[in-house]
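What follows is a single structure, written as structure tokens, with notes after it.
Proteins get letters first, then strands, A, B, ... in listed order; numbering begins at 1 in each.
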Amino acid sequence: MKSISLSNLPELLSAIAAKEALYLPVDTKEGAEYKAYAEGDSLSLACNTNRSAKDFFFPQVEDMAAFKVEGKKIEIIDVRKETEDFVIFGARACDVKSFEVLDRVFLADPVDTFYKNRREHSTVVALACSAPEETCFCSSFGIDAAEPQGDVSAWIAEGRMFFKPNTQKGETLLSALSALLEESDGAAVEKAKEETRTIMGQLPLQNLPTEHFKPEKLMEHFNDPKWKELSQACIGCGTCTFVCPTCQCFDIRDFDTGNGIQRYRCWDSCMYSDFTQMAADQPRHTQLERFRQRFMHKLVYYPANNEGLFGCVGCGRCLAKCPISMNIAKVMKALGGDK
Amino acid sequence: MQKVIREKAIELLRSGKVDRVLGWKEGEFFYDQTPHLFLSPEEVERTFVYNGFSGANLSKYLVKEGLKEGVVAVFLKPCDTYSFSQLLKEHRIARDKIWAVGIPCEGKLDIELLRKMGIRGIKTIEEKGDELLVSTIYGEKTVAKKDVLAERCANCKSRKHVLYDELLGEEGEVLDSARFDQIEKLEQMTSEERFAFWQNELSRCIRCNACRNVCPACTCEKCVFDNADSGIASKAPASSFEEQNFHIIRAFHVVGRCTDCGECSRVCPQGIPLHLINRKFIKDINAFYGAYQAGENPDERAPLTNYSTEDMEPGDVFKKGE
Ligand code: SF4
Ligand code: SF4
Ligand code: SF4
Ligand code: SF4
Ligand code: SF4
């Protein structure tokens, strides 16, 4: 296993940044956020950023195409360009798992070339969690915060950061940095993992009921009378969907530039009244139906189509950010029979 | 107080005076309460809470509740009654369907401030006099309530209920708050500094619309930003100017109607100090048209829908910018 003393971490970060674009979570006055590395930035140790890491692959807004209109002629302009190589340094296990959830949507046929392009150009260095929050419940979905996936797994233990490559991309990154890294045994890491798992075992939401959300229970959950009570205070904002690492819906809109069209996509939210609005009508008229859609998608529809993989990774962002403190943990408890 | 409020809720439901009670339902960790419609005394006994984290202003729900059959009881803190009174003035609520119970408030607490103190992994919180005893998986912490008071409560404008059907506890006073201090600081900046300040704040906006959707002054059936026919509908900040555009337009739509309830800042997931925008307008109204606080006096005419010969000339605004 490779490692570096934490006091030398700044050198490692600048070495990566000298090679390719580097993004990392840093502490701000309003909590941790990802940002492009600038000399002097230090890695945030907070468990989780306000916004998730999905922004790197599926940004909130992006241009898709442009159209130039001249008389009766319409020219289509391909605005896609190759993304530069970049490293995400310090993503947590939950966010890394969210990439798998998104991959199954965006990389399935028809492949989303915008997303694929960014995925291919990225190297993810995933950092194990050492101080989870009460809102964290990744373990409910079988995610091990002590063993994050990604191209490289990293741990902090005894004043050092340790690295283990998991993919070819990870190997390449670590060998490019080998001058700064030392060879060390993994004893400290094993201890750190144990500590993390002990903490995980004390988290209040570590073991939410998941066994009920089977495809054969779809209609039972869909028709559950509890949705009324659960959804009644929802104000229909998009907060839960926008901070969620796995929420993947977008809208495509055309902007009239006067002599052409700029086609862009932007995040959409199933919580919005105009979600999937079509010329004739839309499928969900009430907030109850919209609210139900969000949770049914994550807990029932998505797993039914993806070999049981849940569409929630337990990052806890929707717990921390919902204006009315209604969230997937409460929904799981209510539908799972507990409470 | 929770006990008194629960008893009142139960009495109202038992006597048949009301059919539903709007209050706060306990969550998983003491601080994460959800606004809730209680339908039975048993439900009230089981899950109704009122404590330092019962911050959500319930008055906007009355728009929807007023359209239903039967009567709903609602518990309103002093600042919530400002929203209630303003909504009534705007004819958004069916008054006869509402039984409003004023309840006292000693200031609400902001969980984000606890997080900023580095308190993580909260298991339970106990309120003890002026202190919070916080038990976390990383150890016990004691925090002075005054250090985690929500901004709107640290600068509370009034402990007086402007409107209610009945009141629990003692009535308070309109306070001489320091809520405009920060506005003055902003006014003293150069325009470049001020622009940089707002650029930094608003560039974090993710256009989740929580501020708009929670706002008791934003009760349009269809917001212009959701209306594809308006030509300015937008779901995302396409540029940093667009975020500012959204916030400036929203601020203009609630000017003279914003009660400074502080909900917009409370709910913003990005910690943007939205109250500063609205307070600037309130301060300017005070300066240009005489002291006025929306929601404070149900019978008073609002300065922007009134005319008096004392009103400032529109041209004076331009002169101010010189
Ligand atoms: S639903 Fe909530 S907890 Fe689950 S991944 Fe999304 S934001 Fe995180
Ligand atoms: S949810 Fe799990 S992986 Fe994510 S930050 Fe919390 S402990 Fe870490
Ligand atoms: S569940 Fe919460 S965050 Fe999501 S739309 Fe409803 S109120 Fe907003
Ligand atoms: S709540 Fe905050 S992030 Fe959401 S739209 Fe309003 S200002 Fe932007
Ligand atoms: S703008 Fe903000 S402070 Fe003013 S009424 Fe709306 S939510 Fe309350």
Side-chain angles (χ1 to χ4, degrees), chain A residues 28-31 33 46-47 50-51 59-61 63 131-136 198-199 202-205 229-230 232-243 250-251 253 255-256 262 264-269 271-274 277 317 319-327 329-330 333 339, chain B residues 22 24-25 27-29 31-37 39 43 47 53 56 58 60-61 64 111-112 115-116 118 120-124 136-138 201 204 206-215 222-223 226-228 231 233-239 242 263 266-273:
Chain A
T28 75
K29 73 177 182 27
E30 300 298 335
E33 286 288 13
C47 257
N50 291 332
R51 295 174 68 151
Q60 185 161 17
V61 191
D63 287 336
E133 310 257 0
E134 71 274 10
T135 48
C136 293
T198 310
I199 297 170
Q202 296 169 24
L203 293 180
L205 304 177
E229 188 187 313
L230 289 166
Q232 66 188 359
C234 171
I235 62 173
C237 62
T239 307
C240 51
T241 50
F242 286 5
V243 298
F250 57 84
D251 193 6
R253 300 234 168 171
F255 176 74
D256 183 353
Q262 191 68 47
Y264 67 97
R265 73 166 159 197
C266 57
W267 293 348
D268 204 346
S269 172
M271 292 295 192
Y272 286 165
S273 59
D274 62 347
Q277 174 86 53
R317 288 187 179 88
L319 279 67
K321 300 295 185 186
C322 171
I324 57 147
S325 292
M326 177 45 72
N327 52 59
K330 288 182 179 176
K333 282 196 168 187
K339 214 170 188 177
Chain B
L22 193 49
W24 301 269
K25 183 179 167 160
E28 301 289 328
F29 321 106
Y31 63 78
D32 60 331
Q33 302 162 21
T34 302
H36 187 75
L37 270 182
L39 302 177
E43 209 187 353
T47 57
F53 290 98
L58 303 175
K60 189 176 183 180
Y61 289 109
K64 210 165 64 181
I111 185 66
E112 292 302 330
R115 293 198 175 114
K116 280 181 196 165
R120 312 264 144 190
I122 298 169
K123 284 197 294 197
T124 56
T136 82
I137 39 182
Y138 308 107
E201 295 294 344
R204 296 201 309 277
I206 55 174
R207 276 307 303 280
C208 66
N209 293 315
C211 51
R212 178 196 70 185
N213 289 18
V214 82
C215 174
K222 187 105 190 146
C223 175
D226 289 348
N227 181 356
S234 61
K235 276 189 179 157
S239 71
E242 205 178 310
E263 283 287 272
R266 176 182 72 84
V267 301
C268 178
Q270 295 291 89
I272 299 170

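Heavy-atom pairs under 4.5 Å with chain A were tallied for B:Lys64, B:Lys123, B:Arg266, B:Gln270; the largest tally goes to B:Gln270. Annotation: maximal heavy-atom pairing with chain A below 4.5 Å, among B:Val267, B:Ile137, B:Ile122, occurs at B:Ile122. For the set A:Phe255, A:Trp267, A:Tyr272, the count of heavy-atom pairs under 4.5 angstrom toward chain B peaks at A:Tyr272.
Both the backbone and the side chain of A:Pro132 have a heavy atom closer than 4.5 Å to some heavy atom of chain B. Of the two parts of A:Ala329, neither the backbone nor the side chain holds a non-hydrogen atom closer than 4.5 Å to a non-hydrogen atom of chain B. Neither the backbone nor the side chain of B:Arg212 has a heavy atom closer than 4.5 Å to any heavy atom of chain A. For chain B, no part of A:Thr241 is nearby; none of its heavy atoms comes within less than 4.5 Å. Of the atoms belonging to A:Arg317, not a single heavy atom falls under 4.5 Å from chain B.
Checked for salt-bridge contact, A:Lys333 and B:Glu28 meet the test: a charged N lies under 4.0 Å from a carboxylate O.
With hydrogens and angles ignored, the 3.5 Å screen pairs a side-chain donor or acceptor of B:Thr34 with a backbone N or O of A:Ile324.
The side-chain heavy atoms of A:Ile235 and B:Tyr61, taken from C-beta on, include a pair separated by under 4.5 Å. You'll find the side chain of B:Arg204 stays beyond 4.5 Å of the side chain of A:Asn50, heavy atoms only.
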Go through the steps for A:Thr239 and B:Asn213 under the test side chain to side chain contact (heavy atoms under 4.5 Å, CB included), then give the verdict.
CA-CA 11 Å; A:Thr239 307; B:Asn213 289 18; over 6 Å; no
